[in-house]
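Structure first, then comments.
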Amino acid sequence: MRVAVALGLLVTVSVLAQEVPQRDESYFPQQMTAEELLYVCASSSLTRVGRERKKYCLGFVSAAEEAARLLAAQSPSTHKHGYCFPEGKTAGYFSEVFMKYASRKTTDLNKPAVLVVIEALENSFTCEK
């Protein structure tokens, strides 16, 4: 009897510990607002879905950072300031910069996500030429 109860509890605990399968989330970066990206970036890494969201955030912010570097390098005459990105920083660091910037009351979270990421980077890492 005790073995059956213990086995029943073990099965119940293992079922409850599993994450509920959710449908795969589709992201359309050309349509994503800064508010939606902030939600994705702020996800908990304690669940599978949260970890997937975090990975998406890191990739998105990293791509925007590369685009900002490219824009600055290809059109230096239109940029008053250059970018002084700190050396040796990870995509996680840049996503934290975005989240901090996006969390301000004055940030327009209805703008496209990529614009707000680039704004965050421009405001955080500018330097005089």
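Nothing here was measured: the structure is a model prediction, and the numbers come from that model.
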Legend entry - Separation of Lys54 NZ from Ser44 OG (nearest 0.5 Å): 7.5 Å
Inset, instruction - Check Ala64 against Val114 and note the closest heavy-atom contact, atom names and distance. - result: CB-CG2, 4.0 Å
Legend entry - Beyond-backbone contact of Ser124 with Phe94, side-chain heavy atoms, under 4.5 angstrom: no
Inset, instruction - Please check if Leu58 and Val117 belong to a single hydrophobic cluster, counting links between Ile, Leu, Val, Met, Phe, Trp and Tyr side chain heavy atoms closer than 4.5 Å. - result: no
Inset, instruction - Could you tell me the separation between the CZ atom of Arg69 and the CG atom of Leu121, rounded to the nearest 0.5 Å? - result: 9.0 Å
Inset, instruction - Working to the nearest 0.5 Å, report the span between SG of Cys57 and CG of Leu37. - result: 5.0 Å
Inset, instruction - Kindly indicate, with the supporting measurements, whether the criterion side chain to side chain contact (heavy atoms under 4.5 Å, CB included) is fulfilled by Val49 and Ser43. - result: CA-CA 8 Å; Val49 172; Ser43 295; over 6 Å; no
Legend entry - Lys100/Glu96 salt bridge by N-O under 4.0 Å criterion: no
Inset, instruction - State, to 0.1 Å, how close Ala34 and Phe98 come at their nearest heavy-atom pair, and which atoms those are. - result: O-CZ, 3.9 Å
Inset, instruction - Can you measure from CD (Glu52) to OG1 (Thr47) and round to the nearest 0.5 angstrom? - result: 8.5 Å
Inset, instruction - Provide the closest heavy-atom pair for Val116 versus Asp108 in the form atom of the first, atom of the second, distance. - result: CG2-O, 3.8 Å
Legend entry - Any donor-acceptor N/O pair, Ser62 side chain to Gly59 backbone, under 3.5 Å: no
Inset, instruction - Please name the pair of heavy atoms, one in Ala120 and one in Val97, separated by the smallest distance, quoted to 0.1 Å. - result: O-CG1, 4.1 Å
Legend entry - Residue pair Thr33 / Lys111, side-chain heavy-atom distance below 4.5 Å: no
Inset, instruction - Answer whether the closest heavy-atom distance between the side chains of Tyr101 and Arg104 falls below 4.5 Å. - result: yes
Inset, instruction - Decide yes or no for Phe125 and Glu65: does some side-chain heavy atom of the first lie under 4.5 Å from some side-chain heavy atom of the second? - result: no
